[in-house]
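Beneath this line is the structure, given in structure tokens, with notes to follow.
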Protein chains: 2
Amino acid sequence: MNGVTRREQLRAATDLDIRRHARELLVREGQEAVTLRAIARELGITAPALYRYYDSREDLLNRLSEDICDDLSAELNETMCGIEDDHLSKVFAVCRGFRSWALTHPREFTLAFATPGGNGSGHTGADARKSDSTATPEKPATHSDELSSVFLGVVGPLMAEGPDNPQPPRIPEELRAGLTNSQRELTAACETHGIEMPPEALSLEAVYMMLRWWARLYGQVALEVFEKFPFDVSHADRLFESMLEELGREAGLYR
Amino acid sequence: MNGVTRREQLRAATDLDIRRHARELLVREGQEAVTLRAIARELGITAPALYRYYDSREDLLNRLSEDICDDLSAELNETMCGIEDDHLSKVFAVCRGFRSWALTHPREFTLAFATPGGNGSGHTGADARKSDSTATPEKPATHSDELSSVFLGVVGPLMAEGPDNPQPPRIPEELRAGLTNSQRELTAACETHGIEMPPEALSLEAVYMMLRWWARLYGQVALEVFEKFPFDVSHADRLFESMLEELGREAGLYR
DNA sequence: GTGCGAAGTAAACGCCGTTAACTCGGGAAT
DNA sequence: ATTCCCGAGTTAACGGCGTTTACTTCGCAC
């Protein structure tokens with residue numbers, strides 16, 4: 001009657017241990033130290049045993065990247081829930097949370113958000129992990145966008161309440177076609193993730209705004225993590241704050 | 001009498017060959033394929049010989065990263081010179097050039113602009129390569145900012161001519177201190193690189209603008225290279241164009 | 001001509017990912 | 001209760017890797 005056999009339990013536990021130790025190695029010593037042999041050593045088993053769980057080292061790294069996104073999502077979700085103020089404050093809190101997470105977890109950020117292969121929240125995953133062949137085909141959703149869901153969950157209410165933009169952003173004509181596509185994708189994502197988002201709130205302007213928010217948030221954060229400012233910037237946090245303020249102003253959400 | 005001996009000639013030639021083949025491997029097969037043994041194989045020598053030229057594989061990769069920046073700089077410089085229009089058009093051309101270079105050279109972009117160690121245009125280089133101990137101590141400049149020079153060279157004239165910003169960007173008070181620092185660094189950089197930049201043109205507002213330009217340019221480009229848009233964006237080029245336009249408008253440079 | 005120092009080599013060490021052939025034990029079918 | 005399967009884990013091995021050490025070789029300054 002028990003849905004999960006003893007074997008499955010053990011397997012799941014070992015799998016968790018593998019990823020736990022892999023993550024630890026990543027954090028402590030960097031991506032190239034995440035070695036099948038090192039992981040096995042810490043687990044007290046031998047390296048080839050890991051092939052019962054993952055097809056290859058790369059496969060494991062991809063999974064790690066997903067885990068990282070999920071953990072980050074959970075953390076941001078908590079951050080968000082801890083804010084009692086208006087919706088805009090929540091959005092800001094999430095952005096600040098993303099930044100400070102990235103700065104304190106540079107190696108995890110690099111793996112999940114700056115790896116060319118296109119894992120993380122990208123959309124090129126082959127989705128062929130080692131698992132029971134028939135089980136859990138329940139999430140055919142595009143990809144592991146746990147994280148998008150967090151952002152959507154906090155931006156959604158903001159969209160719903162006050163999009164009385166004093167200055168609608170004047171979307172360039174040749175962008176409208178592409179944006180309606182994204183709009184479709186977004187509404188679908190909101191549905192699958194059960195996010196309260198009145199369809200009329202997801203205007204083209206809103207979609208455009210979200211894209212620009214993400215591009216600038218990501219850009220500023222990556223710039224800081226990789227220290228690629230053209231000259232020394234000791235006041236990066238203040239720069240970030242001014243970017244947030246500017247974003248809020250542009251969205252017509254301030255005052 | 002000859003300033004360069006035959007030995008030095010050969011050494012320089014071999015060094016160039018090393019980097020040429022390393023670069024080729026990077027482009028063709030990715031960073032982890034840039035192997036001392038592979039390089040040596042293609043050169044027809046043995047791997048330990050490479051240690052006569054570089055302290056380690058990492059050292060070589062750092063040098064590669066610098067080469068990439070320099071090549072990109074040269075390419076952008078050419079792009080810029082090919083534009084005969086006003087200064088703003090040149091700035092746009094350089095930005096577009098940077099983007100299309102990144103998209104066509106993703107692996108080089110990743111190595112030079114998204115490597116956590118902080119090589120490339122960062123400012124943490126230990127600067128201890130294998131070279132004649134006493135020669136060429138002539139560039140104690142902060143770092144290898146060949147690239148910054150290109151951007152400065154194209155932004156400078158723009159600053160010099162028309163900073164009649166209809167809307168000066170209202171720099172947040174707590175940013176001014178840090179920005180004056182950057183301002184100092186920038187004027188110094190202009191001097192060392194011989195860039196025509198009237199000191200009064202490099203206002204705090206101008207420095208602030210340049211930082212924001214770079215952050216957004218870098219962010220958008222990295223986002224595209226790593227395919228980390230939250231949903232499929234097929235119209236990325238148009239998005240990029242609209243970002244440029246927006247930047248121009250914000251700088252008070254448009255109409 | 002002699003000899004020094006730099007370029008290159010050969011051999012070895014200890015890592016690595018991955019594969020193949022095996023042991024062994026839990027659990028289902030009989 | 002016995003049998004048998006199959007999956008977790010092992011051992012051994014392959015080829016490749018970065019790096020070190022000791023060596024040859026040879027250009028060139030004296």
From the candidates D:dG18, C:dA11, C:dG17, the one with an atom nearest any side-chain atom of B:Tyr51 is D:dG18
Between CD of B:Gln9 and P of D:dG27 the distance, given in whole Å, is 14 Å
Atom CG of A:Leu60 and atom C1' of C:dT18 are separated, to the nearest Å, by 14 Å
query: Within the structure shown, what part of the strands sits under 4.0 Å from A:Thr46 by heavy-atom distance: base, sugar-phosphate, or nothing?
result: base
A:Arg7 CZ to D:dC6 P, in whole Å, measures 11 Å
Ranking D:dG18, D:dG9, C:dG8 by distance to the side chain of B:Tyr53, first place goes to C:dG8
Among the nucleotides D:dT19, D:dA12, D:dG16, whichever has the atom closest to the side chain of B:Ser56 is D:dT19
Side chain to side chain contact (heavy atoms under 4.5 Å, CB included) test vs B:His21 passes for just one of B:Leu43, B:Leu16, B:Val34, B:Leu26, namely B:Leu43
note: B:Leu36, atom CG; C:dC15, atom P; distance rounded to Å ~ 19 Å
Would you kindly say whether A:Asn62 and A:Tyr54 are connected by a side-chain donor-acceptor distance under 3.5 Å?
no
Salt bridge (Lys or Arg N to Asp or Glu O under 4.0 Å) between B:Arg96 and B:Glu241, intermediate numbers included | CA-CA 8 Å; B:Arg96 289 196 193 97; B:Glu241 285 302 319; 2.6 Å; yes
Looking only at C:dT9, D:dT10, D:dC17, the nucleotide nearest the B:Ala38 side chain is D:dC17
Give a yes or no on whether a donor-acceptor pair under 3.5 Å exists between the nucleobase atoms of C:dG17, that is its base, and the side chain of A:Arg57.
no
In whole angstroms, the gap separating P of D:dG7 from CG of A:Asp15 amounts to 16 Å
note: B:Arg52, atom CZ; D:dT21, atom P; distance rounded to Å ~ 13 Å
Here the distance between atom C1' of C:dG17 and atom CD1 of A:Ile45, to the nearest Å, is 15 Å
B:Arg11 atom CZ is separated from D:dG27 atom C1', nearest whole Å, by 15 Å
Partner of A:Arg23 under salt bridge (Lys or Arg N to Asp or Glu O under 4.0 Å), picked from A:Asp70, A:Asp17, A:Asp71, is A:Asp71
Hey, does B:Arg37 reach any base, or is it just sugar-phosphate, or nothing, if we go heavy atoms under 4.0 Å? base
- Item | Lys/Arg-Asp/Glu bridge criterion (N-O < 4.0 Å) met for A:Arg63, A:Asp59 | no
